[in-house]
Amino acid sequence: MTTQREHGEKLKGGADEGWDDRVIPCPDSISKFNIARRFEGRVLRTWIIVLACVSFCFFGYDQGMTAGVNASNHYVKLMGYGYIDEKNEPQVTDGLLEGGIVAIYYFGALLGCLLGGWAGDKYGRIWGVAFGSVWGIIGAALQASSMNVPWMCMSRLINGVGTGILNAVVPVWATEVADHSSRGQMIAIEFSSNIFGVVIAYWLAYGLSFIDEGNSQIRWRFPIAFQIIPLIVLLLVVWFFPESPRWLVKDGRHDEAKWVLTRLRGNNSKETQKEYRDIVESFDDEVKFIQKNGPTNYWTMVSGTGKGGMHITRRTYLIIWLQVIQEWVGVAGVTVYAPVIFRNAGMSANQANLISGINNITYTISTLIPVFILDKYGRRTILYWGAVLQAIAMAVAGFCSKANDNGQGVGYGHAATAAVFCFTFCFGATWLCVPWVYQTEIFPLEIRVKGASFGVIGWAIGNGWLTLLCPIMFQSIGPYTLVVFAVCSILTIPQVWALYPETNLRKLEDIEYLFNIASPWNWDAETNYKARMAEKEANRAAEEIEGVLKSGVDVHQVVSKED
């Protein structure tokens, strides 16, 4: 392990190994209003989850709100991409314009995640959350007051920037404060709140659709403005929460890092001390590598220049692609265009909106499943099962919807609706959480938020691309759009099997051994991990014996006592 003096300013502050079992005093730099002064252990981590859930609820609400806005009569006429028929229902004539207004939000998210990666790594997770909240508030206010297409597009772009920042920073913050045995559970809880936000958006839109027979401006302006509430809560409250101990180590604030880590774990045990030491040693290795190979930035992460053995570029593209294919299994289409899918199954616009709301309640319930299974069965197994079940559900929905269109019986429409429900439930229980957990786990501390931001880029590309093409696909091939999604689900299985190593129940600092090899294959990653972990444990044992010898204690007594 290198010493802090070798890193100069980078490790200012005392990363000493002389940490004993005494109570770690709270540094004066920690605000007296910080909740870590009052809470510790599971209770403190729960409060952090609660705040992260506020952010994810906004994220889900912002997505789900779009479907209700697109179904508003006044909005359709104001934006000029359709007309209102004799049944007082909107009919889209320009699917490209409708999809473009939706998709530009995801372009904003793409820009925002890059800002979030920079801010979160440079200024910390807390400042990153506040930064994203400000962008979101401004974008939502402008969006709610939009009067034409350019105004709406620009405001959705700004709103998307806020979402991108929060989506890059919040999952990393949550992952870094979680215990390694419960990282998946923590992110899964956040995504339950995410889909709960979708539910709120759908039912709010459904209730407002009865005002003035659905023709009122409030039907779309109020839901957009409503998202400002959780963003204000985030902006005001986040300052009272503890910073990630891993970022504090990165910033050289070791006294704060030790204290925050002991509060998060609820003790100053040998295991907590070992975790702190692993964090410091891992970051020391990163700094040495940077001194030798040059700094890491977005360009080197994408181009692969200057990073040698850390193989950051491979991880970057793995994360981007995992998020893209997550959207192309069909969830983006169901989230934004669920009313269209149900109308293709033979329902009226009002019935389609009602069923969409019920579907999202089912979706929320399904997200509780990974809370209990994600850390038990692992990331890969859950992705396999999800891909198979989603493909079956989407294929049934597509073929039954087509049969209903051909007039082969109303039962086919009901079957298609049930299949969409099954797809939503299976996705919420499997594919929803895993990519978001994975992207926070596989990058080193120095660039962890930057790395996670590329996952948001993948999410934005997949979502934006799909929401842009969905109206066109529904107009061109109709229900067979769902069959395309089914094929995409099946194609994910060999990709996950060959390219994505298992990260479950492995410490963030140890996951590095899965990726710092030249081979892209999962089986080689596992071999390297086992070899490096054995080497690490042997070195630790040798260090302990050396320390005992220096202290003059009988080595055999120490070894027998540990056994």
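Residues: numbered from 1 along the sequence shown. What you see below is based on every heavy atom in this structure, not just the backbone, and it leaves out hydrogens, waters and symmetry mates.
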Would you confirm whether Y363, through its side chain, and F421, through its main-chain N or O, come within 3.5 Å as a donor-acceptor pair?
no
N/O donor-acceptor pair under 3.5 Å between Q439 side chain and A452 backbone:
yes
Given side chains that start at C-beta, do those of V324 and W328 come closer than 4.5 Å, heavy atoms only?
yes
Heavy-atom closest contact (G451 atom, I319 atom, distance):
O-CG2, 4.3 Å
Let me see the working for I189 and L368 under side chain to side chain contact (heavy atoms under 4.5 Å, CB included), right down to the final yes or no.
CA-CA 7 Å; I189 292 172; L368 298 176; over 6 Å; no
Intermediate values then yes/no, side chain to side chain contact (heavy atoms under 4.5 Å, CB included), V249 and R246:
CA-CA 5 Å; V249 167; R246 287 174 165 86; 5.7 Å; no
Between the main-chain N or O of I517 and the side-chain N or O of N528, is there a donor-acceptor pair closer than 3.5 Å?
no
Quick one: does R532's side chain have a donor or acceptor within less than 3.5 Å of a partner on Y513's backbone?
no
Calculate, to the nearest 0.5 Å, the distance between atoms CD1 and CD1 belonging to I195 and I200 respectively.
11.5 Å
Would you mind reporting whether I101 and T66 have side-chain heavy atoms less than 4.5 Å apart?
no
Parallel under 30°, tilted from 30 to 60°, perpendicular over 60°: which one fits the rings of F427 and F423?
parallel
Measure the shortest side-chain to side-chain distance between L374 and V437 over non-hydrogen atoms and say whether it is less than 4.5 angstrom.
yes
Criterion side-chain hydrogen bond (donor to acceptor under 3.5 Å, both in side chains) against Q390, the qualifying member of T430, T492, T424:
T430
Between the main-chain N or O of G428 and the side-chain N or O of T367, is there a donor-acceptor pair closer than 3.5 Å?
no
Presence of salt bridge, D510 and K536, under 4.0 angstrom
yes
Review item, side-chain donor-acceptor pairs of residues 44-60, under 3.5 Å, at least two apart:
| from | atom 1 | to | atom 2 | distance (Å) |
| --- | --- | --- | --- | --- |
| R45 | NH1 | L264 | O | 2.6 |
| T46 | OG1 | R42 | O | 2.7 |

With a 6.0 Å cut-off on the ring centroids, do W523 and W497 count as close?
yes
Counting only heavy atoms not in F425 (residues, nucleotides, ligands), do more than 12 fall under 6.0 Å from its CZ?
yes
Once rounded to the nearest 0.5 Å, what's the spacing between atom CE of M186 and atom OG1 of T440?
10.5 Å
CG (N504) and OH (Y438) are apart, to the nearest 0.5 Å, by 11.0 Å
To the nearest 0.5 Å, tell me how far Q326 CD sits from W459 CH2.
10.0 Å
Please check if the side chain of T381 supplies one atom and the backbone of G378 the other of a donor-acceptor pair under 3.5 Å.
no
Can you confirm whether F241 sits close enough to V129 that some side-chain heavy atom of one is under 4.5 Å from a side-chain heavy atom of the other?
no
Is it true that atom CH2 of W135 has more than 12 heavy atoms of other residues, nucleotides or ligands lying nearer than 6.0 Å?
no
Return yes if a side-chain donor-acceptor contact under 3.5 Å exists between S182 and D375, otherwise no.
no
With under 30° as parallel and over 60° as perpendicular, where do the rings of Y123 and W118 fit, or are they tilted in between?
perpendicular
Using the benzene-type ring in the case of Trp, are the ring centres of F443 and F515 under 6.0 Å apart?
no
Whether D278 side chain and E509 backbone form a donor-acceptor pair below 3.5 Å:
no
Please assess L432 against V331 for the test side chain to side chain contact (heavy atoms under 4.5 Å, CB included), listing each intermediate value before the final yes or no.
CA-CA 9 Å; L432 172 66; V331 66; 5.9 Å; no
Compare all side-chain heavy atoms of Y317 with those of V302 and state whether any distance is below 4.5 angstrom.
yes
Considering the options R379, K507, R448, which one meets the side-chain hydrogen bond (donor to acceptor under 3.5 Å, both in side chains) requirement together with E441?
R379
Using modelled atom types only, decide if a donor and an acceptor are shared between the side chain of E512 and the backbone of L508 within a distance under 3.5 Å.
no
Side-chain ion pair, E526 and K530, N-O less than 4.0 Å:
no
Step by step, work out the side-chain hydrogen bond (donor to acceptor under 3.5 Å, both in side chains) result for E286 and T296.
CA-CA 10 Å; E286 291 176 37; T296 306; over 6 Å; no
Verify, without hydrogens or angle tests, whether R265 (side chain) and G41 (backbone) share a donor-acceptor contact under 3.5 angstrom.
no
Minimal non-hydrogen separation, E176 against S244, with atom names:
OE1-OG, 2.6 Å
Rounded to the nearest 0.5 Å, how far does CG of L466 lie from OH of Y106?
9.5 Å
Which atom of N522 lies closest to which atom of P501, heavy atoms considered
OD1-CA, 3.0 Å
Could you list the residues that satisfy salt bridge (charged side-chain N to carboxylate O under 4.0 Å, His left out) with E502, not counting sequence neighbours?
none
If you measure from the Lys or Arg side-chain nitrogens to the Asp or Glu carboxylate oxygens, is any gap between E243 and K250 under 4.0 Å?
no
Taking R183 for its side chain and R506 for its backbone only, find out whether a donor-acceptor pair lies under 3.5 Å.
yes
For A525 and L514 the tightest heavy-atom approach is CB-O, 3.1 Å
Mutual orientation of the aromatic rings belonging to W436 and F191 [parallel < 30°, tilted 30-60°, perpendicular > 60°]
tilted
Closest approach of I320 to F454 (non-hydrogen atoms, all atoms of both residues)
CG1-O, 3.3 Å
Determine, stepwise, if the pair E446 / D121 fulfils side chain to side chain contact (heavy atoms under 4.5 Å, CB included).
CA-CA 7 Å; E446 174 70 20; D121 279 331; over 6 Å; no
Y298, OH: over 12 other non-hydrogen atoms inside 6.0 angstrom:
yes
Taking the side chain as every heavy atom from C-beta outward, state whether I325 and C488 have any pair of such atoms under 4.5 Å apart.
no
What's the shortest heavy-atom distance between L505 and H180, and which atoms?
O-CD2, 3.5 Å
First locate atom OH of Y276, then atom CD1 of I279, and finally report the distance between them rounded to the nearest 0.5 Å.
8.5 Å
Side chains of N297 and K450 in contact at under 4.5 Å (non-hydrogen atoms)
no
Do any side-chain atoms of residues 157-170 form donor-acceptor pairs under 3.5 angstrom with protein atoms, and if so which ones, sequence neighbours left out?
| from | atom 1 | to | atom 2 | distance (Å) |
| --- | --- | --- | --- | --- |
| N159 | ND2 | G136 | O | 3.2 |
| T163 | OG1 | Y105 | OH | 2.8 |
| T163 | OG1 | N159 | O | 3.3 |

